[in-house]
Amino acid sequence: MRIKQGFLLREVAQSWIVVPIGQRVVEFNGLISLSESGALLWKKLEQNVDKEEELVTVLTEEYEIDAITAKQDVHDFISSLHEKGLLEQWI
Amino acid sequence: MTWGVMSHKLGCIAAEKKIPILGQFELTARCNLQCKMCYVCRNALDKQAISMEKTAKEWIKIAEEAMDAGMLYLLLTGGEVFIRKDFRDIYEELSKMGFIKSIYSNGTMITPQIAKWLGSMPPAQIDITLYGGSPKTYGKVCGDESGFERALQGIDLLLAEGINVQIRTSVIKENQEDFERLAELAEKRGVDLSIVNYISPRREGFCTNPEGERLNPKDLVQYEWRVNNYYHNKMEKSKGEKQNKNSEDELDDFVAQPDDGHPFQCNNGKSSFWITWDGKMIPCSLLDDPYTLPFETGFSQAWRDMTKACSCVLTCSTCKQCSLRDYCMSCPARLKSETGSFTEPASYLCEYAREMYQLSLDNKLTGGLVNEKVHKTYFRND
């Protein structure tokens, strides 16, 4: 799975913001605000990710967080992205 | 988090940290209309103006630098932006950079082809100026009666492409009777009407006389009262229904915390800037002093110099101590524009404050402004 083309992650005013660019604005005319960990996952998802475990590893390597919590956080995050139609593939 | 709340949060952080989050690019001074109250209008074919305009490449480069400095919101304005033959090139490049873009236009040059193209990568909003509710008034204000129908057609073409449109007007003597008609035109299309009530003496311009065309303070206050009552009655009738989408949480998007010690109570020179068609960075559209030169020094240096200069602007002690301060629309830009000085009270603004105070007394209003919610929603401070 990966984030659809046409979104740009930006750090603006101490905040992580995702902005649609080009023709993507037609279907998503707005902003997405991400937490720091959300931005970390987003960056990873800009490339192809085969398994959710890869994202769990990203979190556990960056933060002092146990694998179970990280797994739940990742699942919630990609579910949210999926609901908003931001993912190219859903596994 | 709603768009408005997020924008407010970002705006507050940007103002505090002096991040240029809102940029306004005045791509040209040229226009196909010659509106009587315009502060910057050169003839469409003005060769001197064309030669002084920054190129598409220069605007794109300065946008890249502004993006690196933190610009998120970008307004493209003029003059009339669609008069630039390379507007499409500029817009398409800017659309790749991750800005929340908006456009000001008079709408008269929007063809089905332009609307379709814009609809393929729409701005967050396009404001179309409509300076009269009929061809006759429009012609008196803008010098071209046929522009009225073309502007309406432009609005309808944009709406058909699903683009978020707002109608925008400025009140002057010639169109003051047209408010209700303009409101109807907006309502019929399901779009908002935004009104610029304060007309500034011209920043530049070859053929306009804004001071001579604007309402006197008494008439302006009466106009605002009329608008206030119109919308107040509408709101009463539609209580519980969806209100104007500009209201509530979106109102304070770029309102700085008051009394933060800075000479500017708005965000100009703190988190927003304006770049003129000939390349000056200024705090806002009305004010050409202080200015810096971003195309010469680079954006970041120009922004740093601008914020520093704005923080040193002197304020008017008479205004600060005035008992009618809450009824006044004075700010450093307006004082400078009216009097040529930051420290001199402006008679036009003083008279406006007295009239607004009297209106409040006559109508037993509390808090000064008529209906503050309505006022903030429909009147724009630029």
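Within a 6.0 Å sphere centred on NZ of K4(A), heavy atoms belonging to other residues, nucleotides or ligands number more than 12. The number of heavy atoms from other shown groups lying within 6.0 Å of CD (E187(B)) is above 12. Residue-environment remark: NZ (K18(B)) exceeds the threshold of 12 foreign heavy atoms within 6.0 Å.
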Taking distance alone, no hydrogens or angles, what donor-acceptor pairs closer than 3.5 Å link side-chain atoms of residues 38-45 of chain A to residues at least two apart or in another chain?
{"from": "W42(A)", "atom 1": "NE1", "to": "E46(A)", "atom 2": "OE2", "distance (Å)": "3.3"}

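Residues of residues 63-70 of chain A never come within less than 4.5 angstrom of chain B, heavy atom to heavy atom. Along residues 9-26 of chain A, the residues that come nearer than 4.5 angstrom to chain B, judged on non-hydrogen atoms, are R10(A), V12(A), A13(A), Q14(A), S15(A), I17(A), V19(A), I21(A), G22(A), Q23(A), V25(A), V26(A) in order of number.
Of the inter-residue distances, the one linking I100(B) atom CD1 with L31(A) atom CG reads 4.0 Å to the nearest 0.5 angstrom. Atoms CE and CD1, from M6(B) and I32(A) in turn, are 8.5 Å apart once rounded to the nearest 0.5 Å.
With a 4.5 Å cut-off on non-hydrogen atoms, K17(B) touches chain A through its side chain but not through its backbone. In this structure, the portion of M97(B) lying under 4.5 Å from any heavy atom of chain A is its backbone and not its side chain. The parts of L10(B) that come within reach of chain A are both its backbone and its side chain, each placing non-hydrogen atoms under 4.5 angstrom from that chain.
Applying the ring-ring contact (aromatic ring centres under 6.0 Å, His included) rule to pairs touching residues 80-99 of chain B yields F82(B)-F87(B), F87(B)-Y91(B), Y91(B)-W117(B), sequence neighbours excluded.
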